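Because the structure is a prediction, the values reported are computed rather than measured.
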Amino acid sequence: MVHQQRSQERLSPSSDTEDIVTLLAPRLAYFAGVARTEHVTRAAQEIQVPQSTLSRAMVRLEQDLGVDLFARRGRTVSLTPAGRTFLTSVERALAEIEKAADEVRADADAATGKVAFGFLHTMGAETVPGLIHAFRADHPRVRFSLVQNYGEAMIERLRAGELDLCLTSPVPDAPDLVARRLDEQKLRLVVPADHRLASRRRVRLAEAADETFVTLEPGYGLRRITDDLCKQAGFKPRVAFEGEEAETLRGLVAAGLGVALLPPPAVPRPGVVELTVTAPRAVREIGVAWLDGHPDTPPVAAFKKFLLSRRGSLLP
């Protein structure tokens, strides 16, 4: 006997997608099992649910959709044209769910899982490659998803769940984050090789009060530190250029566009002289941050422990 289309209250085409998903999702695997076997009893045995539960679920599914999915003859069923159309999409959806489950399990695997790790541009040439190389000596198959950006952008990605950890400066202080200071890096006043201060080894920052500076853009941690140090030295820097990358600034200093406060380069740059700043104390703190209360997968926990173990010896 063919199952008759129900006239009871059901989802309308204008129902919210969230409502449809909430109602249909738990029954999709049941539907696929019945469609595959074309027999309610055998499907119930394979899925390991009571036959009565499975039968009720299929009736309710058809009621919610307002469409007959099966033609019934006893416990034997066959798909209607609507049922065949629905099955194609259901199988695709279930395959995507299975793929997603496999991916998240793989990412959490202690030996082969993934760490989403962010770091500052200035950490990319030596520091981060050295850290990953050292970590992979004991965890050779752990995978990394790397993001290189400025500090505020990485904090945003932490909060969005796109990063597990990030190396940043200044070390953030926010109620929703956990941050640990790992090291500090001296900043130098970088001047052109023919500059009036180029013959010096040390300099007070106040001696550069009349100079033009090239700096990173507002929002970068190093820009904030530069502004703060200049303020401590009694002046506001005159800015000729705002960039996104420290080595670009070093090149512009070599070209005579201005001076800059920068961390040491990975490779010495010709055309500039790097002076130790004696006053104020010119350093930036480097720290690791993560989202408070965010559970760690085993690979993330291992890499976090590794980073914390490098406190005081993070930088090459």
Do Leu167 and Phe117 make a side-chain contact, defined as non-hydrogen atoms from C-beta onward lying under 4.5 Å apart?
yes
Is there a side-chain contact (heavy atoms from CB on, under 4.5 Å) between Leu189 and Val259? Walk through the geometry before answering.
CA-CA 7 Å; Leu189 183 67; Val259 302; 4.1 Å; yes
CG of Leu54 to CD of Gln51: how many Å apart, nearest 0.5 Å?
8.0 Å
Determine whether the side chains of Thr278 and Arg204 contain a donor N or O and an acceptor N or O closer than 3.5 Å.
no
Find out whether Ile225 and Leu261 are in side-chain contact, i.e. whether some heavy atom of one side chain is under 4.5 Å from a heavy atom of the other.
no
Taking the six-membered ring for Trp, are Phe213 and Phe241 ring centroids under 6.0 Å apart?
no
If we ignore hydrogens and angles and just use 3.5 Å, is the side chain of Asp164 paired with the main-chain N or O of Val115 as donor and acceptor?
no
So do Val190 and Leu275 actually touch side chain to side chain, heavy atoms under 4.5 Å?
no
Which of Val178, Leu158, Leu177 passes side chain to side chain contact (heavy atoms under 4.5 Å, CB included) with Pro172? It is Leu177
Ignoring hydrogens and angles, state whether a donor on the side chain of Ser169 or Glu285 is under 3.5 Å from an acceptor on the partner side chain.
no
Under 3.5 Å donor-acceptor, Thr37 side chain and Arg42 backbone
no
Taking C-beta and beyond as the side chain, do Pro299 and His139 meet within less than 4.5 Å on heavy atoms?
no
side-chain hydrogen bond (donor to acceptor under 3.5 Å, both in side chains) with Glu274: of Arg269, Arg250, Arg201, only one passes, and it is Arg250
Counting distance only, does the side-chain N/O of Arg136 pair as donor-acceptor with the main-chain N or O of Val142 below 3.5 Å?
yes
Verify the distance criterion only: is there a donor paired with an acceptor across the side chains of Glu211 and His195 at less than 3.5 Å?
yes
Any donor-acceptor pair under 3.5 Å linking the side chain of Thr76 with the backbone of Arg72?
no
Does Thr112 reach the main-chain N or O of Arg141 with its side chain, forming a donor-acceptor pair under 3.5 Å?
no
Hey, can you tell me if Phe31 and Phe70 have their rings parallel, tilted or perpendicular (30° and 60° cut-offs)?
tilted
Could you tell me if Thr215 and Arg223 have a donor-acceptor pair between their side chains, going purely by distance under 3.5 Å?
yes
Any donor-acceptor pair under 3.5 Å linking the side chain of Ser309 with the backbone of Phe306?
yes
Can you tell me how far apart CZ (Arg224) and OH (Tyr150) are? Round to the nearest 0.5 Å.
11.0 Å
Val171, Val283, Leu315 screened by side chain to side chain contact (heavy atoms under 4.5 Å, CB included) with Glu184, the one that passes:
Val283
